[in-house]
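In what follows, every chain begins at residue 1, and chains take the letters A, B, ... in the order their sequences are listed.
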Amino acid sequence: MTNENAITVKNLTKTFGDFTAVDAISFEVGKGEVFGFLGANGAGKTTAMKMLIGISKPTKGEANVAGFDVRTQAEDIKKSIGYMSQRFSLYNDLTIKENIVFFGGIYGLKKSVIKAKSKNLIDELGLHDEADKLVGSLPLGWKQKVSFSVALLHDPKIIFLDEPTGGVDPITRRQFWEMIYREANNGKTIFVTTHYMDEAEYCDRVSIMVAGKIEALDTPKNLKEKYKVDSMNKVFLKLARNIE
Amino acid sequence: MKRFIGFIKKEFFHILRDRRSLFILFGMPIVQIMLFGFAITNEINNVDIAVLDHSKDDVTKEIIDKIAASKYFSIKAFIDNETAIEKVFEKGQIKAVLNFEPDFSRKLIAENGATVQILTDATDPNTANTISNYTGAILQKYQQELNQNVAISYQIVPQTRMVYNPELKSVFMFVPGVMTIILMLVSAMMTSISITREKELGTMEILLVSPLKPAQVIIGKVVPYVFLSVINAVIIIILSIFVFKMPVEGSLFLLGAESILFIINALSLGILISTISSTQQTAMMVSLMGLMLPVILLSGFIFPISSMPLPLQIISNAIPAKWFIIILKGIMLKGVGLAYLWKESLILVGMTLFFMAMSVKKYKIRLE
């Protein structure tokens with residue numbers, strides 16, 4: 001394994017009985033890269049991601065995340081990644097501050113560190129008036145932003161985002177991507193799945209998964225040239241249609 | 001350890017901010033124990049009865065006076081013919097009619113026996129049964145008084161003594177049962193719901209991706225409920241001692257220890273339920289149907305196990321509540337110690353370990 005890559009995946013496979021959810025996929029993600037992981041529903045994205053974040057064991061193949069083997073060092077991986085799920089990942093019946101303290105706590109951060117970080121986070125997002133309100137009362141877009149910041153609390157090397165912008169309005173999505181870029185510029189690796197093809201354009205490289213396999217992997221620009229279309233949306237449709 | 005404390009703190013926030021779960025946790029036990037203690041009783045008090053006296057002599061008058069004097073009955077009507085019996089029953093207020101045959105005292109002395117008919121309204125069979133037993137007892141006592149001076153050569157005089165509950169208070173039967181139900185329900189249902197809630201909301205995934213170990217997550221979710229269930233157990237015991245005058249003949253320490261054992265048993269059952277259900281609703285239904293009904297019906301709480309058909313008797317052995325009720329009654333009413341209850345306690349320990357092992361196994365399968 002080279003030190004250049006944040007994630008290295010070789011022939012990673014996951015089967016459930018006769019069904020092969022992820023079929024021998026291989027790819028690499030460089031440090032500081034924004035990597036888009038696309039695919040239709042049921043293409044195997046979530047299963048692949050679960051193997052990478054160490055909550056599902058691969059059937060076959062290898063994967064190395066942040067320098068650790070997913071088979072044997074899942075616990076080390078957990079410490080060096082941040083994760084934000086498509087489903088909402090903060091507790092609605094806790095305030096923003098309490099959520100920060102809780103998540104900081106389970107990652108083993110010191111009290112003083114948590115205090116400083118939560119002040120930072122609240123300043124950055126401009127949430128002074130809301131900091132002591134229950135998360136459940138916030139609009140979805142804000143929740144997602146807080147959620148993203150909370151996933152960054154323990155300063156992870158790689159951030160996994162599973163459809164982070166589902167159901168969020170275009171302006172908030174835009175702001176959300178600005179946050180993603182800022183983190184990438186800070187040297188963090190971003191691994192993001194999404195359904196929005198315009199978001200795919202923002203990624204450094206994208207992979208498109210169809211029926212458990214990676215059918216295409218390149219920069220958005222190259223993919224558009226290769227398939228002779230003018231948007232990622234069309235690339236996606238072309239790939240999905242060709243298979244069917 | 002610090003992570004763990006933070007986790008438990010968060011769990012308390014969940015519980016204390018949700019009024020519904022707060023009510024289930026603390027309102028329900030108090031309401032239930034009060035309901036069972038006061039409202040549900042199979043003793044009878046001041047039952048309205050009617051008398052049809054065909055002979056109207058000294059003896060019948062004396063018997064009627066004795067019945068009227070007892071606190072169990074109050075004579076509401078005197079009727080004078082058979083057709084009126086049905087009428088008073090139809091009205092519904094009168095639960096029993098005493099029908100003395102004509103010539104009662106003469107027959108009693110001259111023919112060595114007179115008949116009194118006791119008619120009871122058996123639409124409620126339990127009450128009817130109790131009424132006929134009570135009146136029978138009053139009549140028998142009167143007869144014994146009459147015969148006091150007469151030497152009868154052969155006579156069996158049964159002397160009944162109700163040990164452990166001399167006054168036959170039904171509350172002594174309900175308190176252990178209600179305590180069992182509440183601890184089972186609070187512990188098993190609330191934990192299974194709170195674990196499945198995290199699954200449903202997706203936060204369980206976040207917790208599993210964190211450095212917390214799955215076992216830590218589960219224990220962290222369970223510890224607050226151990227704490228709350230112990231508080232509940234204490235409330236119930238205090239209520240039963242001071243409000244219902246329930247005795248605790250045995251050691252309070254043992255009572256506490258056994259309660260904690262049962263709470264842990266119920267919690268491990270709750271964890272098991274949460275591993276097989278993916279939504280809060282399923283978890284609640286499984287807890288209610290799978291735990292409440294067997295606990296009420298098959299634990300010996302209300303219906304004696306010994307009079308059940310054999311297959312049900314066998315099934316009842318698999319219900320932890322059955323063993324806990326035996327333990328509770330043993331400690332509270334009989335005052336026995338571990339020397340007599342080790343078998344039941346061991347069964348509870350075994351069941352707890354079994355539930356835990358099953359949950360770990362199921363949990364691992366899910367994680368794959």
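For E75(A), the CD atom is densely surrounded, since the number of other residues' heavy atoms within 6.0 Å is greater than 12. M351(B) CE: more than 12 foreign heavy atoms inside a 6.0 Å radius. Counting heavy atoms of neighbouring residues, nucleotides and ligands inside a 6.0 Å radius, atom CZ of F227(B) does not exceed 12 of them. Sparse packing is recorded around CZ of F354(B), with 12 or fewer heavy atoms of other residues, nucleotides or ligands lying under 6.0 Å away.
A 4.5 Å side-chain heavy-atom check between F7(B) and F102(A) finds at least one atom pair inside the cut-off. Side-chain atoms of L94(A) and H14(B), non-hydrogen and from C-beta on, do get closer than 4.5 Å to each other. Counting heavy atoms from C-beta on, the side chains of V209(B) and I55(A) come closer than 4.5 Å.
Scanning all heavy atoms of the two residues, the minimum distance from P211(B) to K79(A) falls at CG-CG, 3.8 Å. Looking at every heavy atom in both residues, D93(A) comes nearest to R17(B) through O-NH1, 2.8 Å. Residues T203(B) and L90(A) approach most closely at CG2-O, 4.0 Å, considering heavy atoms.
A donor-acceptor contact shorter than 3.5 Å links the side chain of K78(A) to the backbone of L208(B).
Considering only heavy-atom pairs separated by less than 4.5 Å from chain B, the leading option among Y107(A), F160(A), Y91(A), Y83(A) is Y91(A). Looking only at heavy-atom pairs under 4.5 Å with chain B, the residue among G54(A), G108(A), A151(A), G82(A) that has the most is G108(A).
Atom CD of E98(A) sits about 8.0 Å away from atom NZ of K9(B), to the nearest 0.5 Å. Here the CZ-OG1 distance, from F13(B) to T95(A), works out to 7.5 Å after rounding to the nearest 0.5 Å.
Residue E198(B) touches chain A through its side chain alone, counting heavy-atom pairs closer than 4.5 Å. Heavy-atom distances place no part of E11(B) under 4.5 Å from chain A, backbone and side chain included.
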